[in-house]
> 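The structure's right below; bear with me while I get my questions together.
Here, residue 1 is the first one in the sequence, and each next residue gets the next number. Nothing here was measured: the structure is a model prediction, and the numbers come from that model. Each ligand, and each atom within it, is numbered from 1 in the order the structure gives.
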Amino acid sequence: MKRENIRNFAIIAHIDHGKSTLADRIMEQTKTVSERELSAQLLDSMAVEQTHGVTVKARSVRNFYHGADGQEYEYNLIDTPGHVDFSDEVAKSLAASDGAILLVDATQGVQAQTIANLRLAIKYNLKIIPVINKIDNVAADIAATEKQLRKLRPEFASRPILKISAKTGQNVHQVLEAIYQEIPAPTGEPTAALKALVFDSQYDPYQGIIADIRVFDGHLQTKQKLQLMGHDSSFTAQSIGIFNPDMKAVPTLTTGEVGYLVTGLKDVQALQVGETITTTAHPATTAIPNFKPAQSMVYAGLFPKGETSYEELKQAISKLALNDTSFHYKPEQSEALDAGFRCGFLGIFHLQIIKERLRTEYHVEVLTTAPNATYQVYLKNQQPQGEYLTITNPVEFPDFAIIDHVCESFVKAIITTPNTYLSAVMKLCEEHYGELLDIDNQQDLVTLTYKLPVSEIAYNFFNSLKSLTHGYATLDTEFLDYEPVDIVKIQTQINYAPVDALDILVPRQQADQIAHKLVEKLKYAIPRRLYPMPVQAIIENKVIARVDVPPLRKNAAVNGEQRSISKKQQLLRRQSLNKRQAARSDIKLPQSVFDAVLNLD
Ligand code: GDP
Ligand code: MG
């Protein structure tokens, strides 16, 4: 297809506003699929098939549309899976698009995710077509929805706003017409060196990494020798193709086109989303600047649990990391938990999702340690001056005696919430030491921008925000900077043995209080033994708090009256032996112990 007749676009919407239904109608009206095939929602059903052995999921679907202007167009509909709360998920699709259909449900009007998605689309310079959906619904308030939409952007004020029913198909042809009329054709140089953006990737056990790509310059051909910009290693394009909606091999993908590339690469770390592919014969000189994956904000340890082996966990984690650009991992060896991984996440909610995906998609069980933020630690007498240690694991936090000062990462948190919850959301941010940077009213919705320390949003912030606003608020975070903070490490000893996996970093002012809460929580979370076990929280070499985990049965040493003296002495002897041998704890820590550390407020 000639470049002028290609259109690459995404559909963005608040959840349930009809994105999948409209995608189905577009595929149906362009005869990409027949009505019969559409009995189940296609883009969604592919996700289901995935769990039944079909490993490759369509991220873009090529449709052909005969415009009323007599021309034929190639419409590449790029799926935006996931959730706008993980803006990376949406952003990587938008990075491959030139336009977006902004869909709003007429029964609900503009919602927080409508705004958050719109903000991303603007960030990626997309042409936006506002569309009102569900006009067939008796509860639709089309006029009110139109009014809201018009106020959202200056350019929406006087333009036509399409009103459709994705369900019945009413006026969907108007959307199809608007796509070629309004969304620009892809730019790029067909004769230049190849530049293709990897906007997503998947792993197939037989074919290796299969990348979703958009060609920005040049041509991509089967059997071409390729390399990633900035890397030396090369690989061969095993096959290339498109989804329509099934995988279909094609000999060439030209400038502006979207499709897949079977790389044959079996090392899942060999190719990252956001990278630029070029040819080894005529390499391009600059990468596509379009998409920068978000940095991990919080880190936690993931360790195999139950039947799961380290190898199984490793396989699962590496595949998962392939298409989740904000999830990072590296091996970690813990004294208490053995071999596992130190992993980076966007936040605690992201961690929960990853844990859930590992269980349901990869069938592995993991134990997660309490998450923490990233710290820069400056040491006393550091040579050369200005160098610091980057700490993502409390175990590696240096001894307090040699620390000069510590800086913590801060983020810009952009929260969109219905007006009703404004004061509750502001209160939440203030409780978490947020500093208000900006406030922007959009009728019934408000967008707040706060500066917040990562450690404050790493734990319950997201869940609190969601529950305060009944799920209506959205949160997007961007890294801001590092600033000095006063942080100390709390170390925990169980039965006199240090348990490295329980190390946590906390603000000094709250350290005592947290230490006391911690031991109280652990008292009930640690599996009991026949004898009482002391749990101690230690800060800067001082025991700050201590409790005893009660024994399974009554302790002979305490309630020994009815027992023989020798029994009592035997127990006492064993307890003191414990104390001396306690170099390493032999207690198997269940998840509840780490959850106890998480829920300290
Ligand atoms: P998504 O979350 O944005 O992908 O939303 P879906 O496409 O899954 O739609 C959510 C619900 O709205 C489904 O039950 C659809 O059948 C329904 N729906 C979507 N479009 C329309 C429409 O135009 N009219 C009506 N009445 N319902 C619709
Ligand atoms: Mg959907």
Side-chain angles (χ1 to χ4, degrees), residues 9-30 32-33 35 37-51 57-61 63 77-87 89-94 97 99-121 126 128-146 148-149 161-176 178-179 200 243 245 323 353 357 416 466 470-474:
F9 64 98
I11 305 171
I12 51 177
H14 189 81
I15 183 138
D16 286 341
H17 280 201
K19 191 181 79 180
S20 303
T21 312
L22 179 60
D24 287 356
R25 274 307 83 65
I26 289 175
M27 287 188 280
E28 184 188 297
Q29 294 199 4
T30 54
T32 308
V33 290
E35 211 169 321
E37 289 172 306
L38 266 178
S39 50
Q41 284 190 332
L42 263 163
L43 286 174
D44 283 353
S45 69
M46 281 171 212
V48 178
E49 272 172 62
Q50 199 190 15
T51 57
K57 186 169 60 159
R59 274 300 301 271
S60 60
V61 175
N63 307 274
L77 168 54
I78 297 166
D79 192 21
T80 53
H83 206 272
V84 70
D85 286 319
F86 306 115
S87 56
E89 284 288 298
V90 179
K92 59 192 187 187
S93 294
L94 299 187
S97 309
I101 297 166
L102 179 70
L103 202 61
V104 179
D105 180 342
T107 67
Q108 294 203 346
V110 170
Q111 298 287 331
Q113 287 175 37
T114 313
I115 305 231
N117 276 306
L118 175 63
R119 189 166 56 233
L120 274 181
L126 303 191
I128 299 153
I129 304 176
V131 175
I132 295 172
N133 188 31
K134 306 201 188 178
I135 58 167
D136 64 296
N137 193 309
V138 286
D141 190 342
I142 302 166
T145 307
E146 177 168 352
Q148 286 183 322
L149 259 173
I161 290 187
L162 305 178
K163 300 164 184 85
I164 68 163
S165 166
K167 192 173 173 182
T168 66
Q170 188 187 349
N171 296 343
V172 169
H173 67 279
Q174 294 177 358
V175 177
L176 290 168
I179 291 169
D200 208 348
F243 295 96
N323 68 359
I353 300 269
R357 284 189 61 192
T416 300
K466 285 283 165 181
H470 301 278
Y472 282 113
T474 63

> Hey, does Ala166 come in under 3.5 Å of ligand 1, counting only N/O atoms on both sides?
yes

> Just heavy atoms, cut-off under 4.0 Å: does Asp136 contact ligand 1 by side chain, backbone, both, or neither?
side chain

> Sub-3.5 Å donor-acceptor pair from the side chain of Ser93 to the main-chain atoms of Asp79, do we have one?
yes

> Is the distance from the Mg ion (ligand 2) to some N, O or S atom of Ser20 under 2.8 Å?
yes

> Where does Lys134 meet ligand 1, judged by heavy-atom distances below 4.0 Å: at the side chain, the backbone, both, or neither?
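The answer is both.
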
> Is there a donor-acceptor pair closer than 3.5 Å between any side-chain N or O of Lys163 and the backbone N or O of Asn133?
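Checked: no pair found.
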
> If you measure from each non-hydrogen atom of Ser165 to ligand 1, which part falls under 4.0 Å: side chain, backbone, both or neither?
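It is both parts that get close, each with some atom under 4.0 Å.
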
> What part of Asn133, side chain, backbone, both or neither, has a heavy atom within less than 4.0 angstrom of ligand 1?
side chain

> Please tell me whether His17 and Gln108 have a donor and an acceptor in their side chains that are separated by less than 3.5 angstrom.
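Checked: His17/Gln108 side chains pair up, N/O donor to acceptor below 3.5 Å.
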
> Would you say the side chain of Thr32 lies within less than 4.5 Å of the side chain of Pro245, judging by non-hydrogen atoms?
yes

> Is it true that a side-chain atom of Gln148 and a backbone atom of Val110 form a donor plus acceptor pair closer than 3.5 Å?
yes

> Is there at least one pair of N or O atoms, one from Ala13 and one from ligand 1, spaced under 3.5 Å apart?
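In this structure, Ala13 places no N or O atom under 3.5 Å from an N or O of ligand 1.
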
> In ligand 1, which numbered atoms sit nearer than 4.0 Å to a non-hydrogen atom of Asp16?
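Those of ligand 1 that fall under 4.0 Å from Asp16 are 1 (P), 2 (O), 3 (O), 5 (O), 10 (C), 12 (O).
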
> Donor-acceptor check, side chain of Asn63 to backbone of Val61, threshold 3.5 angstrom: yes or no?
yes

